[in-house]
Visitor: 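This is the structure I have questions about; it appears just below.
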Amino acid sequence: MADILLSEAEKTFILHGVRDNVRNDGRSCSEFRPIELELGLVENANGSARVRLANTDVLVAVKCEIDNPPSNFPDEGKLDFFVDCSANATPQFEGKGGEQLAVELAALMSRAYQTRESFNLSTLSIIKGMKCWKLCIDVLILECGGSLIDAISMGTKAALADTKIPKVSVIGSDEGTLELELADEADGREEPLDWHHAPCLVTLNKLEDSLLVDASAEEEACCAAALIVGVSPNKKITTTSIPGHGSFLADSKIFARALNLAVDVGVKLNTALEAAIKKHQTLKPPPRGFLD
Amino acid sequence: MEVTDVNIRLACDRICLPAVSENEVQKLFTPGEDIPTCAGFMRGHGTYTEGEDLKASVAGVKEQVNKLISIKPLKSRYNGEIGDVVVGRVVEVQQKRWKIDTNARLESVLLLSSVNLPGGELRRRSSEDEKMMRKYLQEGDLISAEVMNVYQDGALSLHTRSLKYGKLSQGVLVKVFPSLIMRRKNHFHSLPNGAAVILGNNGFVWICPASGLEHQEDSGSAGGFIQDLEKEVPKADREVIARLKNCILALANSKMMLYDTSIIYAFEESMKFTITELLLPDVMVDVANLTQHRLHLDIAD
């Protein structure tokens, strides 16, 4: 992630704090910072969400396109992740600075959604072998304050929950090319997606023998290794990744402990996120946006 | 390890700030807005003229001195003044100088000749010292210093030629807007709760255990360049520091001025909440309101 400078003394302070289970902002090692969620704030997308996790700020938008299904899975649709690291987040992202991170994050997200159990791609099929929906999931990183991928995965799940796909009907075919008609948005004939099994990604940072949930940017700078685990609401692990140079495998005990902790945290995160999305869908509040 | 519940709120529940207002609300000018003028006005900082009109170039409040009209921005980088106490981070080691990030527009400089090197005031600076510079301060180190000079282009030159300044040891740095730091005679405070704070005029606030600052004063002969990385801060002190950090952020979030009294009051008012509760926005506003109330009572007395 974005590098920040820290002095040796600050690092020592963070390290000793983690040993005492009192972090710099008073949290214990397994505690998340408060999260703020907003749905449907991008008007010209099919679904959108913004997640603010303390200083980390992510905007996710979903757009639907009609595409040809992949030849090996003719009755399925497509998911396409794209991450944009805005230079607003940190000057390091200026120009091509954020490109590598963006590609890594996008690859990680598409890996987490690859299994059929986390997202059922067959719901995106329109006509088997001929037409399907492609969901373009665009992530914009507005601020980096640690635990970026956690916020992105939450935003993605919330944006998918907010997404409604217009109904399509075939009005005719002309020598193998189909003519499709999209239902008007005004008709309200739009279908929600099946998002409930989508995973949340949890980053665990290893500091000595302790595991940190939701590390701040300062804490991330101190940690030697990180483990990212995608956890679906039914306690299944959809992906794991160890970014950077650090290793988790030197001690198998800690790796097993990390996986268990990640599943526990991931389930809590999924439940809380689902509750917040439900609340939003019943309240239907007007968008607040970025001002104030 | 026990996993605590995750707190996710919706944006519609966000509290509109400011719930706290010091006195009557001043009019805010947005960039491009017309500023009412008087005959023969003079154009000050933060404004520009378009035809006959004077317009704001930054978001802020109007300040008028006789005929000079300027707009004081709400958010800005730090504009240094001679004598200010600042907290800064070393970003580069150069020939005979360190470059320090002080949240100003340009990086500040700390000359090798304006620090106290081990061995007393009158020591000559040799080429050996130049080679040893990274031993005293290296990239990432935090220092407290005083603004010695402001150059023509606005860059600051710092000095640490007093025992109270120098390298900072274990603690936490909190960043707030520079405009929120109240200018005081003293910016070093040892609080009754066992922590010490340095309120840098540049908006960098350093919180450390009280022993951290005293220790600095004792280390006279070392010129304030020693750090104790072995010593572990006790858990109780750590909790005080974490609480203090969250209180300062709560005050800054409600745009309240930071000085010793406001910080102590906020700390005392926060005692009815747990430290992690202080991260919640409604609790933060609550603490700021309670502090504001107590400060008003003080004025009334």
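Lettering follows sequence order; numbering is per chain, from 1. Because only heavy atoms are used, hydrogens play no part in the values below, and waters and symmetry mates are left out as well, while side chains stay in.
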Visitor: More than 12 heavy atoms of other residues, nucleotides or ligands under 6.0 Å from CG of A:Asp209: yes or no?
Guide: no

Visitor: By a 4.5 Å heavy-atom criterion (distance strictly below it), what part of B:Asn246 contacts chain A: side chain, backbone, both, or neither?
Guide: side chain

Visitor: Show your reasoning for whether side-chain contact (heavy atoms from CB on, under 4.5 Å) applies to A:Leu6 and B:Arg89.
Guide: CA-CA 9 Å; A:Leu6 278 185; B:Arg89 193 185 291 281; 4.1 Å; yes

Visitor: Against chain A, work out which of B:Glu139, B:Gln138, B:Lys235, B:Arg238 has the most heavy-atom pairs shorter than 4.5 Å and name it.
Guide: B:Arg238

Visitor: Quick check: are there more than 12 heavy atoms from other residues, nucleotides or ligands sitting under 6.0 Å from CD of B:Gln94?
Guide: yes

Visitor: Specify which of B:Ile275, B:Leu249, B:Leu10, B:Asp141 makes the most heavy-atom pairs with chain A at under 4.5 Å.
Guide: B:Leu10

Visitor: Under a 4.5 Å heavy-atom cut-off, does chain B meet the side chain of A:Leu273, its backbone, both or neither?
Guide: both

Visitor: Within this structure, what is the CZ-CD1 distance for the pair A:Phe13 and B:Ile207, rounded to the nearest 0.5 Å?
Guide: 8.5 Å

Visitor: Is it the side chain or the backbone of B:Val90 that comes within 4.5 Å of chain A heavy atoms, both, or neither?
Guide: backbone

Visitor: Under a 4.5 Å cut-off applied to non-hydrogen side-chain atoms, are B:Leu279 and A:Arg27 in contact?
Guide: yes

Visitor: To the nearest 0.5 Å, what is the distance between CD (B:Gln170) and CD1 (A:Ile14)?
Guide: 10.5 Å

Visitor: Can you tell me which of B:Gly140, B:Pro281, B:Pro234 forms the most heavy-atom pairs within a distance under 4.5 Å of chain A?
Guide: B:Gly140

Visitor: By a 4.5 Å heavy-atom criterion (distance strictly below it), what part of B:Arg9 contacts chain A: side chain, backbone, both, or neither?
Guide: both

Visitor: Hey, which of A:Glu38, A:Glu10, A:Lys11, A:Met154 has the most heavy atom pairs under 4.5 Å with chain B?
Guide: A:Glu10

Visitor: Can you name the nearest heavy-atom pair linking B:Ile8 to A:Ala276, along with the distance?
Guide: CG2-CB, 3.7 Å

Visitor: Is there a side-chain contact between A:Arg33 and B:Thr276, using heavy atoms and a 4.5 Å cut-off?
Guide: no

Visitor: Decide yes or no on side-chain contact (heavy atoms from CB on, under 4.5 Å) for B:Lys245 and A:Asn24, but give the supporting numbers first.
Guide: CA-CA 8 Å; B:Lys245 176 188 175 180; A:Asn24 276 2; 4.3 Å; yes

Visitor: So which part of A:Arg23 gets closer than 4.5 Å to some heavy atom of chain B, the side chain, the backbone, both or neither?
Guide: backbone

